[in-house]
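Here is the structure we will look at, set down as structure tokens.
Atom set for the values below is all heavy atoms of this structure, side chains included, hydrogens, waters and symmetry mates excluded. All chains are named by letter (A, B, ...) in the order of the sequence lines, taking the proteins before the strands, and each is independently numbered beginning at 1.
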Amino acid sequence: MTVLSLSKALNEGMRKAMEDDSKVLIMGEDVGKLGGVFRVTDGLQKDFGEDRVIDTPLAESGIIGTAIGLALRGYRPVCEIQFDGFVFPAADQIITQLAKMPMRSLGTIKLPVVIRIPCGGGIGAVEHHSESPEAYFTHTAGLRVVACSNPADAYTMIQQAISSDDPVLFFEPKRRYWEKADIDTTSTDWWTPLHAAKVVRSGADATLLAYGPMVKTCLEAATAAEDDGRSLEVIDLRSLNPLDEPVVMESARRTGRVVVVHEAPVNSGFGAELAARITEQCFYHLEAPVLRVGGFSTPYPPSKLEEHYLPDLDRVLDAVDRTFGY
Amino acid sequence: MTELLDRSVDEDLELMLTIRAFERKLLELYGQGLLNGTTHTCLGQEYVPVALEALLLADDYVFSNHRGHGHYLARFGDLEGLLAEIMGRQGAVCGGVGGSQHIKRGRYLSTGVQGESLPVAAGVALHLKRTEPGRLACVYIGDGTLGEGAVYEALNIAALWRLPLLVIVENNGIAQTTPAGIHLAGSVAGRAAAFGIAYQRVDTVDVAAIRDRLAMPVAAVRTGSPLVVEFVTHRLGPHSKGDDTRPPEVLRAVEDWQAAVDPAQSERLERRARARVEQVVAEVIMRGPA
Amino acid sequence: MTVDASRGAEGSPELVQLLTPEGERVEHPDYDIDLTPEDVRSLYRDLVLVRRIDLEAVALQRQGELGIWASLLGQEAAQIGSGRALTDVDMAFPTYREHGVAWCRDVDPVKLLGLFRGVNHGGWDPKEHNFHLYTIVIGSQTLHAVGYAMGIQRDDANAATIVYFGDGATSQGDVNESFIWASVFNAPIVFFCQNNQWAISEPLEKQTRIPLYRRASGFGFPGIRVDGNDVFACLAVTRKALEAARTGQGPTLIEAFTYRMGAHTTTDDPTRYRVASELEAWKLKDPIERVKAYLFKNELADQVFFDSVDGEADQLGADLRRRCLAMPDPEPLDIFDHVYSEPHALIDQERAQFAAYLEGFEK
């Protein structure tokens with residue numbers, strides 16, 4: 001077992017992938033010499049060279065556009081978008097080209113491109129550095145969208161994402177980068193499939209659905225709820241597209257109460273999709289409507305206000321209370 | 001403009017030293033955990049906005065970037081408002097919601113995302129051309145910003161529509177951590193020429209000489225001849241905090257304008273600048289939240 | 001600063017030309033080319049055949065068999081000249097108008113029609129032909145091409161990439177980013193800009209203040225303007241630029257100065273924005289007529305040859321029409337195919353639900 005922080009776990013995962021397959025490339029702004037602003041790619045350029053760990057010009061559309069070209073030539077680029085709010089200059093290449101080109105080609109083209117995006121708030125950052133843009137991409141057919149919440153998943157999921165033949169948007173919870181865990185890097189027996197959800201805490205009374213940074217918040221909420229005599233189940237979705245529906249629906253039917261938690265604004269957020277699907281498939285099992293806890297329908301606020309914007313333990317438990325009020 | 005051009009050398013120098021003292025103080029406050037998030041200092045580049053300020057009119061627009069404290073202070077001299085903004089205290093110029101790199105004050109606007117201000121500035125320049133002839137939009141970008149495609153969409157539009165757009169490229173030779181040799185192909189002059197835009201290169205730190213050199217070209221901007229001015233300058237500090245990949249010997253060799261100032265004069269003015277900054281910090285830090 | 005963006009046109013020393021509109025062969029110090037009579041006849045045949053493919057497609061659209069068509073009329077020399085400069089291992093990235101380049105890459109013309117008939121979004125295998133799919137969004141493919149060229153570099157392959165785009169695309173951010181990347185990484189790529197003078201209804205002077213080929217120098221690589229209606233010059237200039245790319249000398253921008261003689265697409269009406277005299281002037285510079293004149297004057301071909309090419313073109317047109325009409329419509333469940341390369345639960349679920357729904361009608 002090795003103790004790794006979430007950022008180091010990603011680093012190790014990418015290192016393994018690069019060792020296993022010489023076609024794997026890293027590209028992004030400041031990923032080489034600096035090792036990325038969060039040091040996730042630290043040391044990789046030193047060990048794999050400038051041809052495989054590419055410091056790119058400051059051009060997000062360029063990063064994704066050229067990654068597509070490299071993938072057409074048989075490479076597997078792993079792109080870093082420096083911060084969530086900087087993905088939008090690349091949105092055209094992601095949505096219009098990366099997502100759609102394989103279908104356009106009647107399957108003759110595969111685009112194994114991974115786009116890593118440090119996301120979410122909680123680090124006291126300035127504007128554009130704390131956003132949760134996942135729903136823009138779950139809405140786009142042709143992309144796979146996953147989010148890791150802990151070091152072990154970070155380590156396995158990044159390798160699985162790189163080995164996927166489809167484009168994967170890989171969301172990393174930046175405020176959890178420094179959390180540590182014991183990881184077995186010698187075996188793959190314990191790995192969970194990339195698109196499988198995980199029940200990370202079993203419970204009987206209500207289900208909390210979360211991904212990325214909010215999984216930890218939900219686990220804390222579940223611990224606190226225990227004191228009130230409520231048994232909360234927490235599911236780490238891990239994959240948003242595709243969604244592991246059987247795990248979600250089984251839990252919803254069993255507990256009858258579901259609260260979805262994410263940092264992104266509630267309005268048209270991924271929680272809306274979950275609420276709709278659960279309602280369609282579990283209507284007669286539900287004791288209460290599916291409730292959503294998330295950011296407000298505002299731009300991300302200045303960091304002095306972020307603690308009010310971000311869902312925390314109390315806001316999660318408030319929603320749990322409300323589901324028991326029906 | 002003439003009235004501003006008459007500013008004494010001491011005034012200019014004191015303003016430059018005040019910007020420097022202010023930013024050094026910010027880094028100190030971060031070090032003490034008194035500030036949140038991150039900041040980008042313009043240490044070494046202070047003379048750029050100070051020199052330009054004399055060429056700008058009060059109702060010109062100025063678009064700043066993530067490295068904008070100097071731009072703001074050169075324009076408004078408002079230490080209190082900016083510090084309160086960064087600290088989220090009462091009296092903050094944007095009510096504390098803008099922070100270090102998102103400031104709006106009258107016709108001054110800064111934003112942190114690379115290259116996004118240039119198309120906006122071009123739009124404002126079009127508006128000025130139509131409604132307030134003689135006014136211009138000045139936009140600051142860095143050499144790293146030249147990687148963004150939006151820059152060229154805006155330059156092309158400015159050339160096509162003959163917009164009063166003044167683009168200041170503060171070329172400090174390094175984009176965050178990526179040296180310009182790696183990300184900048186060709187030259188800044190070539191990029192301007194590629195779109196038919198006039199270009200000036202400034203490689204001196206002498207404020208008076210810069211103003212002499214740029215007075216006519218900036219006047220031409222006001223009549224609809226867009227201009228790119230490249231300041232060959234040097235970033236003394238890191239991109240934000242703690243991300244300087246340049247080796248120590250390279251950092252030591254970085255040219256600093258302050259080294260060229262008469263030591264006695266420098267010391268006298270620096271003392272005053274520091275005292276003022278200390279006073280402002282002591283006062284703002286006591287204020288309640290914005 | 002006033003610079004006329006169209007400077008360097010006909011008769012200017014800035015324009016590389018090897019064959020005048022009158023069919024006179026001219027020498028150029030930097031770009032000579034040695035063509036056998038058979039080479040010239042073969043170029044002529046290609047020019048005629050792709051014009052015929054294009055005419056047939058326009059007719060098919062007019063008759064309701066295609067939803068839309070983007071005509072290459074007037075740009076045959078730029079496309080055949082540059083397309084014939086490619087070797088088998090070179091890779092080409094087209095816009096949606098490079099039917100002539102597709103012909104040079106052995107893409108069956110009927111496969112081009114699938115996209116415009118609404119049968120598919122692109123019906124050929126890019127790897128089989130080293131000819132990428134048509135890209136409809138303006139300028140996006142320039143970045144794909146640079147990335148591909150960076151891959152060639154990493155493979156240490158003796159190959160180059162060519163990317164096609166139009167004059168309007170040069171205003172796009174992506175195209176400018178691709179210039180930066182290609183230059184910074186010294187990528188083996190040729191940027192082939194067909195300046196056909198019109199971006200739908202907007203003339204060149206609404207896109208640029210300076211000649212487009214000069215953009216390149218601002219990004220640190222050479223740019224050259226070639227007579228886009230001169231198939232010899234396009235072949236020579238592209239060949240040289242590709243060779244430079246293959247030998248590590250980095251990118252070149254070629255501006256092929258040509259004219260869109262037809263509409264932007266079949267949904268467009270150029271009479272609303274341009275005068276007839278402009279078209280008449282360009283007709284005198286027709287890319288096919290000058291080769292024909294050259295062959296005649298130099299007695300390299302006789303009427304029998306020209307008649308046989310025309311006959312072949314008629315046959316090709318008729319064959320294209322027949323096979324277009326015979327193209328099967330896709331099945332409803334094809335919607336779900338190839339969205340992902342690996343199995344995807346949501347797609348599988350929706351396919352099954354839609355199949356069940358459709359079956360409900362059959363019962």
Using side chain to side chain contact (heavy atoms under 4.5 Å, CB included), reason through C:Trp181 and A:Thr56 one step at a time and then give a plain yes or no. CA-CA 8 Å; C:Trp181 286 65; A:Thr56 69; 3.3 Å; yes

Step-by-step side chain to side chain contact (heavy atoms under 4.5 Å, CB included) determination, A:Ile109 to C:His132: CA-CA 10 Å; A:Ile109 287 173; C:His132 190 64; 3.7 Å; yes

Apply side chain to side chain contact (heavy atoms under 4.5 Å, CB included) to C:Met150 and A:Ile54, showing your working. CA-CA 11 Å; C:Met150 290 168 69; A:Ile54 306 169; 4.2 Å; yes

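Proximity to chain C involves both the backbone and the side chain of A:Ala141, based on heavy atoms less than 4.5 angstrom apart. Only the backbone of C:Pro343 has a heavy atom closer than 4.5 Å to any heavy atom of chain A. Neither the backbone nor the side chain of A:Leu98 comes within contact range of chain C; no heavy atoms are under 4.5 Å apart. Proximity to chain A is limited to the side chain of C:Phe93, based on heavy atoms less than 4.5 angstrom apart. For A:Ser61, the parts lying under 4.5 angstrom from a heavy atom of chain C are both the backbone and the side chain. Of the atoms belonging to A:Leu25, it is side-chain heavy atoms, and not backbone ones, that fall under 4.5 Å from chain C. Looking at C:Ser140, both its backbone and its side chain come within 4.5 Å of chain A, counting heavy atoms on both sides. Contact annotation for C:Thr142: neither backbone nor side-chain heavy atoms come within less than 4.5 Å of a heavy atom of chain A. In this structure, chain A has no heavy atom under 4.5 Å from any part of C:Leu115. Residue A:Lys100: no heavy atom, backbone or side chain, is found under 4.5 Å from chain C.
Around OH of A:Tyr136, the count of heavy atoms belonging to other residues, nucleotides or ligands within 6.0 Å does not exceed 12. Residue-environment remark: NE2 (A:His285) exceeds the threshold of 12 foreign heavy atoms within 6.0 Å. Annotation: C:Glu331, atom CD; neighbour count of heavy atoms from other residues, nucleotides and ligands within 6.0 Å does not exceed 12. Taking a 6.0 Å sphere around NZ of C:Lys127, one finds it holds more than 12 heavy atoms contributed by other residues, nucleotides or ligands.
To the nearest 0.5 angstrom, A:Thr96 atom OG1 is 11.0 Å from C:Ile136 atom CD1. Taking NE2 of C:His144 as the reference point, atom CG of A:Leu70 lies at 11.0 Å (rounded to 0.5 Å). Put simply, NZ on A:Lys23 and CG on C:Asp155 are 4.5 Å apart, with the number rounded to the nearest 0.5 Å. The distance from atom CG of A:Leu111 to atom OH of C:Tyr340, rounded to the nearest 0.5 Å, is 13.0 Å. Between atom CG of residue C:Leu346 and atom CG of residue A:Asn241 there is a gap of 6.5 Å, rounded to the nearest 0.5 Å. Considering CG of C:Asp174 and CD of A:Gln93, their distance stands at 5.0 Å, rounded to 0.5 Å.
When only modelled atom types and interatomic distance are considered, C:Gln153 and A:Asp51 share no side-chain donor-acceptor pair under 3.5 Å.
Scanning all heavy atoms of the two residues, the minimum distance from A:Thr108 to C:Pro126 falls at OG1-CD, 3.3 Å. The minimum heavy-atom distance linking C:Tyr148 with A:Arg73 is given by the pair OH-NH1, 3.1 Å.
Between chain C and the residues A:Gln97, A:His195, A:Lys110, A:Arg52, the most heavy-atom pairs under 4.5 angstrom are made by A:Gln97. The candidate with the highest count of non-hydrogen atom pairs below 4.5 Å against chain A, out of C:Gln141, C:Arg154, C:His121, C:Glu177, is C:Arg154. Interface summary for chain A: among C:Asp337, C:Val137, C:Ile152, the most heavy-atom pairs under 4.5 angstrom belong to C:Ile152.
A distance-only check finds a donor-acceptor pair linking the side chain of A:Asp166 to the backbone of C:Glu342 [under 3.5 Å].
Take A:Leu106 and apply the side-chain contact (heavy atoms from CB on, under 4.5 Å) test, not counting sequence neighbours, and it matches C:Asn120, C:His338.
Residue pairs meeting the side chain to side chain donor-acceptor pair (under 3.5 Å) criterion with at least one member in residues 242-251 of chain A, sequence neighbours excluded, are A:Thr207-A:Ser251, A:Glu233-A:Ser251, A:Glu245-A:Arg277, A:Glu245-A:Gln281, A:Glu245-C:Gln349, A:Glu250-A:Arg254.
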